[in-house]
S.K.: 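Below is a structure I'd like to ask you about.
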Amino acid sequence: MADDKKLSVFVTVGTTSFDQLIKTVSNDAVCQVLQKLGYSRMVLQIGRGSYEPKPRSTDSFKLEYFRFKDSIAEDIHLADLVISHAGAGSCLEVLGANKPLVVVINEELMNNHQVELADQLSNDGHLFYCTCSELLNLLETMELSELKLFETGKAEKFGTFLDRVMGIS
Amino acid sequence: MDGVDVFDILFLSILAIVFGVAYIITRLILVLLDIHRKRKTLSYGKNKRKSSIKTMIVVGSGGHTTEMLRLLEHVSNTYSPRFYIMADTDKMSEEKITKFEKQEPQGKYLICKIPRSREVKQSYLSTVISTIYSLLKCVPLVFSIRPDLFEQVLCNGPGTCIPVCLLAFLLRVVGIKQTTVIFVESVCRVKTLSLSGRLLYYFADHVLVQWPALQNTYPLAAYVGRLV
């Protein structure tokens, strides 16, 4: 019975570095909240970050990390919750896999346009988003069941558009 | 006699410059009018279409490459050979493209590298300087594989694409090649165009956006739904 409740979180920063996020999710307060919510495993993809979290390996909570993989599709597939940076690629990959997603905005980036997509997708009810300092509070209060299914974009329309403007029928 | 010769040469060169400038300005106006008309009607204009379209693709970095490759999955074999232009610092994009091309071995492709015109977090002033640098580095690339290999530029995302698109535009203004430039704005732009997008809104044949709100702000952009 206990096995059914072993939920896992996957944290990803994509191709960039986002030390503040890694520090935030790996601190005791966040780990405790996650444990309370039934999560017993956290996997972090830390990219080019200089901060390396302390691996944890207790019976009730495991924390492990890696820098890069060819594909994080499997990690996403195995997760019950994904916490991601606001990169479009990561967000859409997670939503495409139909996994609950919390996006954390990196406030240090110039012209923080990445908020645009997270804001839009959050207004449409597909994900939750916050800054590093708000993460703890969001994790405690969010209702994952409120999230709506996300439909992947229609990339084939690009081919059609291209053929039309290039005069190929 | 010597004085007259110098005067003649001076006169002729001024004449040549005046005609040159007039020609360039006329071409510039014609090209801009052509772009404007094509945007409004989404037509292909008077371009002669070939059975194969040599396509130059400018890829951004990281997620932008993934986004671009997802679009390219639905692009037919007519668009071949493909020339991928990317920042020299971008190892990950190179791997993704090589993998993508192996998956669908439809046509020929080549990867060309140029210096990056803007890194994340770089300020605007140094962006201008590094853009000029990568523009200079692009000239031999674009002009050596010039007319035959240059049918269309597709680009997506940040800095690298501006220099290449400007050169493509230049080829057209001086009348060397009818290059169609299509800019696909990244899906992460919901309300504002990227710097590349704002510039290419004036120079590209088509700017494709992925959210309806963007098209309201930029009426000459095209919108056919979210693509990724």
Side-chain angles (χ1 to χ4, degrees), chain A residues 12-18 47-48 67-73 84-96 103 105-106 108-124 126 150-169, chain B residues 38-39 42-45 47-49 51 53 55 61-67 69-76 78-79 90 92-93 95-96 99 120-124 151-152 154 157 180 182 184 186-195 205-206 208 210-211 213-214 222 224-228:
Chain A
T12 175
V13 304
T15 55
T16 55
S17 65
F18 191 178
R48 291 190 294 191
R67 288 199 174 267
F68 292 107
K69 265 187 199 173
D70 276 353
S71 165
I72 55 166
S84 166
H85 74 130
S90 305
C91 291
L92 296 171
E93 191 173 358
V94 176
L95 292 179
V103 166
I105 306 294
N106 189 350
E108 285 173 14
L109 291 181
M110 178 170 94
N111 272 351
N112 216 343
H113 74 260
Q114 43 161 344
V115 183
E116 281 186 20
L117 181 67
D119 192 50
Q120 176 73 41
L121 293 171
S122 149
N123 285 342
D124 295 345
H126 301 305
F150 175 80
E151 252 182 73
T152 315
K154 295 183 170 58
E156 63 272 17
K157 284 191 177 166
F158 177 68
T160 318
F161 175 83
L162 209 56
D163 287 350
R164 178 170 173 193
V165 298
M166 295 306 289
I168 296 161
S169 47
Chain B
K38 275 204 248 175
R39 282 247 205 121
L42 287 193
S43 77
Y44 52 92
N47 294 359
K48 282 178 199 160
R49 287 297 122 223
S51 56
I53 295 174
T55 306
S61 58
H64 290 291
T65 311
T66 313
E67 199 177 336
L69 291 179
R70 272 172 83 169
L71 299 186
L72 289 179
E73 274 170 26
H74 298 275
V75 165
S76 71
T78 315
Y79 301 88
D90 196 355
M92 198 169 274
S93 294
E95 277 168 29
K96 281 182 185 168
K99 211 171 173 185
V120 170
K121 288 183 181 176
Q122 194 177 330
S123 76
Y124 274 117
E151 272 280 351
Q152 181 183 9
L154 281 170
T180 302
I182 295 177
V184 184
S186 165
V187 70
C188 66
R189 293 295 183 158
V190 179
K191 289 171 196 138
T192 59
L193 285 181
S194 61
L195 183 61
D205 295 80
H206 301 284
L208 197 54
Q210 304 199 41
W211 294 98
L214 252 186
V224 294
R226 181 159 48 80
L227 302 169
V228 292

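All values below come from the heavy atoms of this structure, side chains included, with hydrogens, waters and symmetry mates left out. Just so it is clear: chains get the letters A, B, ... in the order the sequence lines come, proteins before strands, and each one is counted from 1.
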S.K.: Which bit of A222(B) is near chain A, if near means a heavy-atom gap under 4.5 Å: side chain, backbone, both or neither?
M.R.: side chain

S.K.: Applying side chain to side chain contact (heavy atoms under 4.5 Å, CB included), run through R189(B) and E116(A) and close with a yes or a no.
M.R.: CA-CA 6 Å; R189(B) 293 295 183 158; E116(A) 281 186 20; 4.2 Å; yes

S.K.: Yes or no on side chain to side chain contact (heavy atoms under 4.5 Å, CB included) for K191(B) and D119(A), after CA distance, side-chain angles and deciding distance?
M.R.: CA-CA 10 Å; K191(B) 289 171 196 138; D119(A) 192 50; 3.4 Å; yes

S.K.: Once you round to the nearest 0.5 Å, how far does CD1 of I182(B) lie from CZ of F158(A)?
M.R.: 6.0 Å

S.K.: Provide the closest heavy-atom pair for R226(B) versus E151(A) in the form atom of the first, atom of the second, distance.
M.R.: NH2-O, 2.9 Å

S.K.: Nearest 0.5 Å, what's the NZ-OG distance between K96(B) and S71(A)?
M.R.: 10.0 Å

S.K.: Let me see the working for Y79(B) and D163(A) under side chain to side chain contact (heavy atoms under 4.5 Å, CB included), right down to the final yes or no.
M.R.: CA-CA 10 Å; Y79(B) 301 88; D163(A) 287 350; 2.8 Å; yes

S.K.: What's the separation between atom CG in L162(A) and atom CG in L72(B), rounded to the nearest 0.5 Å?
M.R.: 9.0 Å

S.K.: Using a 4.5 angstrom heavy-atom cutoff, name the option from V224(B), V190(B), V228(B), L208(B) with the most pairs to chain A.
M.R.: V190(B)

S.K.: When rounded to the nearest 0.5 angstrom, what distance separates CE in M166(A) from OG1 in T78(B)?
M.R.: 10.5 Å

S.K.: Quick one: what part of Q120(A) sits under 4.5 Å from any heavy atom of chain B, side chain, backbone, both or neither?
M.R.: side chain

S.K.: At a heavy-atom distance under 4.5 Å, which candidate from A155(A), A118(A), G96(A) has the highest pair count against chain B?
M.R.: A155(A)

S.K.: Would K157(A) and L227(B) count as a side chain to side chain contact (heavy atoms under 4.5 Å, CB included) here? Give the steps.
M.R.: CA-CA 7 Å; K157(A) 284 191 177 166; L227(B) 302 169; 4.0 Å; yes

S.K.: Identify the heavy atoms of R70(B) and T152(A) that sit nearest to each other, and give their distance.
M.R.: NH2-CG2, 3.0 Å

S.K.: As an exercise: rank L117(A), L92(A), D70(A) by heavy-atom pairs under 4.5 Å with chain B and give me the winner.
M.R.: L117(A)

